[in-house]
Amino acid sequence: MAEASLPEQGAVIKVTPCPSVLELEELLRAGKGSCRRVDEVWPNLYIGDAATANNRFELWKLGITHVLNAAHGGLYCQGGPDFYGNRVSYLGVPAHDLPDFDISAYFSSAADFIHRALSTPGAKVLVHCVVGVSRSATLVLAYLMLHQQLPLREAVITVREHRWVFPNRGFLHQLCQLDQKLREAGRN
């Protein structure tokens, strides 16, 4: 670990560097995780697949009140207000699961949607894409970093304890950039 000294206070603080993409991939491979269609990865925050999101009865059984579709407009992810009606709030993010897709453009809006929802008593949020492994996990990790002040490494470990996820390398790189920005701003 790198150490930085604060001359005005004389204190020494330890700075944990941002993990590399390879380190993140090792973290993602480690531990146990679920292979279910939907898993609660943070209190009242779920990651799931398109089959779960397209099953209104399953959503009702889970008590889902908000849906964030990280593959909006995709072949298997056509959800929207017309599908869910007025009982479920919806946000669609038209992300593609490609390493060169700029998913970071949606970090703030997706994290804010999740945060507003979880600030509502009794709310439960489902974040999904087609399989519930890359796009949805990336947006949940960004939420944990932006609104729960978790460093990226801790966010990955937290989610990975509850679900097997594996964002593509481009998304991991964008999460690393977010982690670095938050560290520089003193937020993580």
Side-chain angles (χ1 to χ4, degrees), residues 15-21 24 27-28 38-50 53 64-74 77-81 84 88-160 162-163 165-188:
V15 178
T16 305
C18 298
S20 70
V21 169
L24 290 172
L27 278 175
L28 289 163
V38 63
D39 294 288
E40 187 175 20
V41 297
W42 188 260
N44 299 317
L45 178 57
Y46 297 78
I47 295 177
D49 62 8
I64 299 297
T65 59
H66 294 73
V67 171
L68 193 166
N69 178 352
H72 179 77
C77 297
Q78 297 294 329
Y84 295 111
V88 173
S89 295
Y90 177 85
L91 176 65
V93 171
H96 300 283
D97 193 11
L98 301 169
D100 63 346
F101 182 83
D102 184 11
I103 198 167
S104 69
Y106 299 99
F107 284 172
S108 290
S109 59
D112 291 348
F113 176 82
I114 295 168
H115 184 69
R116 280 191 307 273
L118 294 179
S119 297
T120 305
K124 291 186 178 183
V125 181
L126 170 67
V127 181
H128 79 91
C129 48
V130 176
V131 182
V133 170
S134 185
R135 291 170 279 193
S136 54
T138 299
L139 294 178
V140 167
L141 291 167
Y143 160 74
L144 292 173
M145 295 165 65
L146 289 165
H147 285 283
Q148 298 300 328
Q149 289 72 47
L150 295 183
L152 178 54
R153 182 185 316 271
E154 202 174 311
V156 166
I157 291 168
T158 298
V159 170
R160 184 64 179 89
H162 303 283
R163 181 176 182 84
V165 296
F166 211 91
N168 72 52
R169 284 189 170 182
F171 293 175
L172 290 175
H173 180 71
Q174 292 171 59
L175 287 167
C176 287
Q177 290 176 323
L178 175 62
D179 192 54
Q180 184 62 41
K181 287 179 191 171
L182 292 172
R183 286 172 190 274
E184 289 170 3
R187 291 197 42 209
N188 282 0

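Keep in mind it's a predicted model, so treat the numbers as computed, not measured.
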Next on the checklist: Please determine whether side-chain contact (heavy atoms from CB on, under 4.5 Å) holds for the pair Tyr84 and Val67, giving the CA-CA distance in whole Å, both sets of side-chain angles, and the decisive distance to 0.1 Å.
Outcome noted: CA-CA 9 Å; Tyr84 295 111; Val67 171; 3.8 Å; yes

Next on the checklist: Using the rule given for side-chain contact (heavy atoms from CB on, under 4.5 Å), can you reason through Val159 versus Leu144, listing the C-alpha separation, both sets of side-chain angles and the distance that settles it, and then say yes or no?
Outcome noted: CA-CA 9 Å; Val159 170; Leu144 292 173; 3.6 Å; yes

Item to check | Derivation of the side-chain contact (heavy atoms from CB on, under 4.5 Å) call for Tyr143 and Leu45 | outcome: CA-CA 10 Å; Tyr143 160 74; Leu45 178 57; 3.8 Å; yes

Checklist entry - Do Asp39 and Tyr46 pass the side-chain contact (heavy atoms from CB on, under 4.5 Å) test, and can you show the C-alpha distance, the side-chain angles, and the key distance before you say yes or no? => result CA-CA 5 Å; Asp39 294 288; Tyr46 297 78; over 6 Å; no

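Among residues two or more places apart in sequence or in another chain, the ring pair (Phe, Tyr, Trp, His ring centres under 6.0 Å) test is passed with Phe171 by none. In this structure, the salt bridge (Lys or Arg N to Asp or Glu O under 4.0 Å) partners of Arg169, at least two apart in sequence or on a different chain, are Glu25. With sequence neighbours left out, the side-chain hydrogen bond (donor to acceptor under 3.5 Å, both in side chains) criterion links His147 to Asp112.
When all heavy atoms are compared, the tightest approach of Gly170 to Asn168 is N-OD1, 2.9 Å. Taking both residues in full, the closest heavy atoms of Val165 and Gly132 are given as CG1-O, 4.2 Å, listed atom of the first, atom of the second, then distance. The shortest heavy-atom contact between Leu175 and Met145 is O-CE, 3.6 Å. A pairwise comparison of heavy atoms in Leu146 and Ala111 identifies CD1-CB, 3.8 Å as the closest pair. Here the closest non-hydrogen pair linking Leu24 and Cys176 is CD1-SG, 3.5 Å. The minimum heavy-atom distance linking Thr138 with Ile103 is given by the pair CG2-CG2, 3.8 Å.
Looking only at side-chain heavy atoms (C-beta outward), Asn69 and His128 come within less than 4.5 Å of each other. Contact check for Arg153 versus Leu27: side-chain heavy atoms found under the 4.5 Å cut-off. Side-chain contact between Asp179 and Pro19 is present, with heavy atoms from C-beta onward closer than 4.5 Å. Contact check for Leu28 versus Pro167: side-chain heavy atoms found under the 4.5 Å cut-off. Cys18 has its side chain within reach of Arg183: a pair of non-hydrogen atoms, C-beta onward, lies under 4.5 Å apart. Side-chain contact between Leu141 and Val156 is present, with heavy atoms from C-beta onward closer than 4.5 Å.
Taken from CG in Asp97 to OG in Ser136, the straight-line distance is 9.0 Å, to the nearest 0.5 Å. In this structure, OG in Ser134 is found 7.5 Å from CG in Leu172, a value given to the nearest 0.5 Å. Separation of atoms OG1 (Thr158) and CH2 (Trp42) is listed at 6.0 Å; rounding is to 0.5 Å. Going from atom OG of Ser89 over to atom CG of Leu68 covers 11.5 Å, rounded to the nearest 0.5 Å. How far NE2 of His66 is from CZ of Arg116: 8.5 Å, rounded to the nearest 0.5 Å. Here Leu91 contributes atom CG and Ile114 contributes atom CD1; the two are 9.0 Å apart, rounded to the nearest 0.5 Å.
Although no hydrogens or angles enter the test, the distance criterion places no donor-acceptor pair under 3.5 Å between the side chain of Arg135 and the main chain of Val93. Side chain of Gln174 to backbone of Phe101: a donor-acceptor contact under 3.5 angstrom is found.
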